[in-house]
Asker: 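Sharing a structure with you now.
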Protein chains: 2
Amino acid sequence: MTVIFSKKCELALQAVLYLSVFNDKTYFTATDISKRLNIPKEFLAKILQSLAVHSIVISKKGKTGGFTLGKPLNEIRLIDIVIAIDGLEIFHKCVLGFKGCTVEKPCPLHEKWGKLRDLVYKMLSEETLLEIRDKSVEKIKSIHSINNDALVLAQSFQKRRLN
Amino acid sequence: MTVIFSKKCELALQAVLYLSVFNDKTYFTATDISKRLNIPKEFLAKILQSLAVHSIVISKKGKTGGFTLGKPLNEIRLIDIVIAIDGLEIFHKCVLGFKGCTVEKPCPLHEKWGKLRDLVYKMLSEETLLEIRDKSVEKIKSIHSINNDALVLAQSFQKRRLN
DNA sequence: TTTATAACAGACATATAAATCTGATATTAA
DNA sequence: TTAATATCAGATTTATATGTCTGTTATAAA
Ligand code: SF4
Ligand code: SF4
């Protein structure tokens, strides 16, 4: 189970964060990004297509094609990515799942949950890729090294088996 | 899609809230509760069984059997119900779904999300059934009337068709 | 003791989300 | 122009969560 975002949305955020680290206009292929983030390629490809529709990324077909960010870092808010993939449903639905939820007859958590929900929304609206870029760089770097370690391990294991 | 809790957990909370409204030792059957809350009976029955294992409700078999709260209102926290059904996973997992998530290399939202997450946890730990009882009473009442309205509507519709 | 009732246990079915596959289209390097 | 490459669109498959069914067991009223 995911925390609040769907798996799609989590991966969308990861992919965009990845692109924000290389803030040039180079195009990264879906395959490339999926390898770096260690996530399924075809699934990511679909997600990137959705993001392209919402102009969060730009796609380019053909030999030197791939995906790159569609706007400057400071113009892409985290909430934009959430909206593109999951929509704003979670900010409108009842946290207890009651069906007839009106302002007159709110659920018992309405007030307290509502405040926290608004704080989450506020945070996602205030944070653009620019603000969190330094942290993104660190995080992506650390993933990279993890994957490298795994690769090295796999290779040495392979080697042992062949001997 | 649900907000943060699973459907199971949402229904568990609803059911316990319902029982808290009648703070006597009467036993309500799964069928009865499901009708009042307008939720699937067999599914609810399973959920109530899980809650019984965690002593949040007490079950009684046989003719006058059913379910009733296992402890006084002020000893059942909302977080206890969440723990029984969903566990504490959402309070430990990465909100962006990164795999290699360590304290040294946190995801870019670690700090801000962490604070909000802790507030949610705090809220669920502080609120017992006693604190929110008045609001629960109002909410359950309103659901009841909604169902009654629906019933009346359905009946008058039926009547019209027969005429 | 008999009968009705309701929880219980576990198998089964369905719906939804996640992931994969296939063929088509666009783009560029050679 | 040809070959290679990568996105794109949509169907299909798989996994997981949700919901249902069947028969059994415990309990209490008749
Ligand atoms: S918390 Fe408020 S807005 Fe959310 S579902 Fe409950 S009553 Fe509705
Ligand atoms: S927010 Fe922090 S604790 Fe949560 S996943 Fe990200 S790095 Fe880990």
Side-chain angles (χ1 to χ4, degrees), chain A residues 1-15 19 25-70 85-87 89-90 93 97 99, chain B residues 1-15 19 25-70 85-87 89-90 93 97 99:
Chain A
M1 210 178 54
T2 55
V3 179
I4 36 172
F5 308 126
S6 69
K7 198 83 197 165
K8 271 187 195 171
C9 193
E10 285 184 355
L11 299 186
L13 287 161
Q14 289 185 25
L19 291 177
K25 285 282 164 51
T26 37
Y27 284 77
F28 291 86
T29 69
T31 306
D32 198 11
I33 301 172
S34 73
K35 276 183 188 163
R36 300 300 186 105
L37 294 174
N38 194 26
I39 61 184
K41 167 188 146 190
E42 287 88 359
F43 195 32
L44 176 64
K46 281 271 171 243
I47 293 166
L48 286 168
Q49 282 173 37
S50 303
L51 291 177
V53 170
H54 288 81
S55 304
I56 291 166
V57 301
I58 292 173
S59 66
K60 198 172 99 179
K61 284 188 180 180
K63 201 153 191 173
T64 59
F67 298 89
T68 195
L69 290 180
I85 305 295
D86 279 353
E89 205 186 9
I90 55 162
K93 283 181 65 179
K99 280 164 189 172
Chain B
M1 210 179 53
T2 55
V3 180
I4 36 171
F5 308 126
S6 70
K7 200 82 198 166
K8 272 187 194 171
C9 193
E10 285 184 354
L11 299 186
L13 286 160
Q14 289 186 24
L19 290 177
K25 286 282 163 53
T26 36
Y27 283 77
F28 291 86
T29 69
T31 306
D32 199 12
I33 302 173
S34 74
K35 276 182 187 162
R36 301 299 187 105
L37 294 175
N38 194 25
I39 60 184
K41 168 189 147 190
E42 288 87 358
F43 196 32
L44 176 64
K46 284 269 172 246
I47 294 166
L48 287 168
Q49 282 173 36
S50 302
L51 292 177
V53 170
H54 288 80
S55 304
I56 291 167
V57 301
I58 292 172
S59 66
K60 197 172 97 179
K61 283 189 180 179
K63 200 152 191 175
T64 58
F67 297 90
T68 195
L69 290 180
I85 305 295
D86 279 353
E89 205 185 9
I90 56 162
K93 282 181 65 180
K99 279 163 188 172

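Proteins come first, then strands; the chains are lettered A, B, ... in the order of their sequence lines, and each starts at number 1. Basis for what follows: all heavy atoms, side chains included, without hydrogens, waters or symmetry-related copies. Keep in mind that what you see is a predicted model, and the values were worked out from it rather than measured.
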Asker: Determine yes or no for a side-chain-to-main-chain donor-acceptor pair under 3.5 angstrom, with A:Lys8 supplying the side chain and A:Lys46 the backbone.
Answerer: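 No; zero donor-acceptor contacts below 3.5 Å.
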Asker: Carefully, step by step, assess B:Ser59 and B:Leu48 under the rule side chain to side chain contact (heavy atoms under 4.5 Å, CB included).
Answerer: CA-CA 8 Å; B:Ser59 66; B:Leu48 287 168; over 6 Å; no
Asker: Whole-Å distance between D:dT16 C1' and B:Glu89 CD?
Answerer: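 In whole Å, D:dT16 C1' and B:Glu89 CD are 13 Å from each other.
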Asker: Judged by atom type as modelled, is there a donor-acceptor pair below 3.5 Å linking the side chain of B:Thr68 to the main-chain atoms of B:Thr26?
Answerer: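 Yes, because the side chain of B:Thr68 sits within donor-acceptor range (under 3.5 Å) of the backbone of B:Thr26.
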Asker: Locate the shortest heavy-atom distance separating B:Ser34 from B:Leu44; write the atom from each residue and the value.
Answerer: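 Heavy atoms only, the tightest pair is N-CD2, 3.6 Å.
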Asker: A:Arg36 vs A:Ile33, test: side chain to side chain contact (heavy atoms under 4.5 Å, CB included). Steps then yes/no.
Answerer: CA-CA 5 Å; A:Arg36 300 300 186 105; A:Ile33 301 172; 5.8 Å; no
Asker: Looking at every strand, decide which applies to A:Phe67 at a 4.0 Å heavy-atom threshold: base, sugar-phosphate, or nothing.
Answerer: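 If one applies the 4.0 Å heavy-atom cut-off, A:Phe67 turns out to touch the sugar-phosphate alone, with no base involved.
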Asker: Would you list the protein and nucleotides 17-28 of chain D atom pairs, both N or O, that sit under 3.5 Å from each other?
Answerer:
unit_1 : atom_1 : unit_2  : atom_2 : d
D:dT18 : OP1    : B:Lys7  : N      : 3.0
D:dA26 : O4'    : B:Lys61 : NZ     : 3.3
D:dT27 : O2     : B:Lys63 : N      : 3.2

Asker: What are the bounds, 5' to 3', of the part of DNA chain C that sits under 4.0 Å from heavy atoms of chain A?
Answerer: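 So the outermost contacting nucleotides come out as C:dA18 to C:dA29.
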Asker: Using the side-chain contact (heavy atoms from CB on, under 4.5 Å) definition, which of the options A:Thr2, A:Ile4, A:Ile90 pairs with B:Ile4?
Answerer: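 Exactly one candidate clears the test, A:Ile4.
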Asker: Look at the side chain of B:Asp86 and the backbone N and O of B:Ser6, then say whether any donor-acceptor pair between them is shorter than 3.5 Å.
Answerer: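 Looks like yes, one N/O pair under 3.5 Å.
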Asker: Describe the nucleic acid contact of B:Ala30 in one word from base, sugar-phosphate, nothing, applying a heavy-atom distance below 4.0 Å.
Answerer: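 If one applies the 4.0 Å heavy-atom cut-off, B:Ala30 turns out to touch the sugar-phosphate alone, with no base involved.
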Asker: Over all strands shown, is B:Ala52 touching base, sugar-phosphate only, or nothing at heavy-atom distances under 4.0 angstrom?
Answerer: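 Answer is nothing: B:Ala52 stays at 4.0 Å or more from every strand.
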Asker: Are any side-chain N or O atoms of A:Lys7 and backbone N or O atoms of B:Gly97, one a donor and one an acceptor, separated by less than 3.5 Å?
Answerer: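 No, A:Lys7 side chain to B:Gly97 backbone: no donor-acceptor pair under 3.5 Å.
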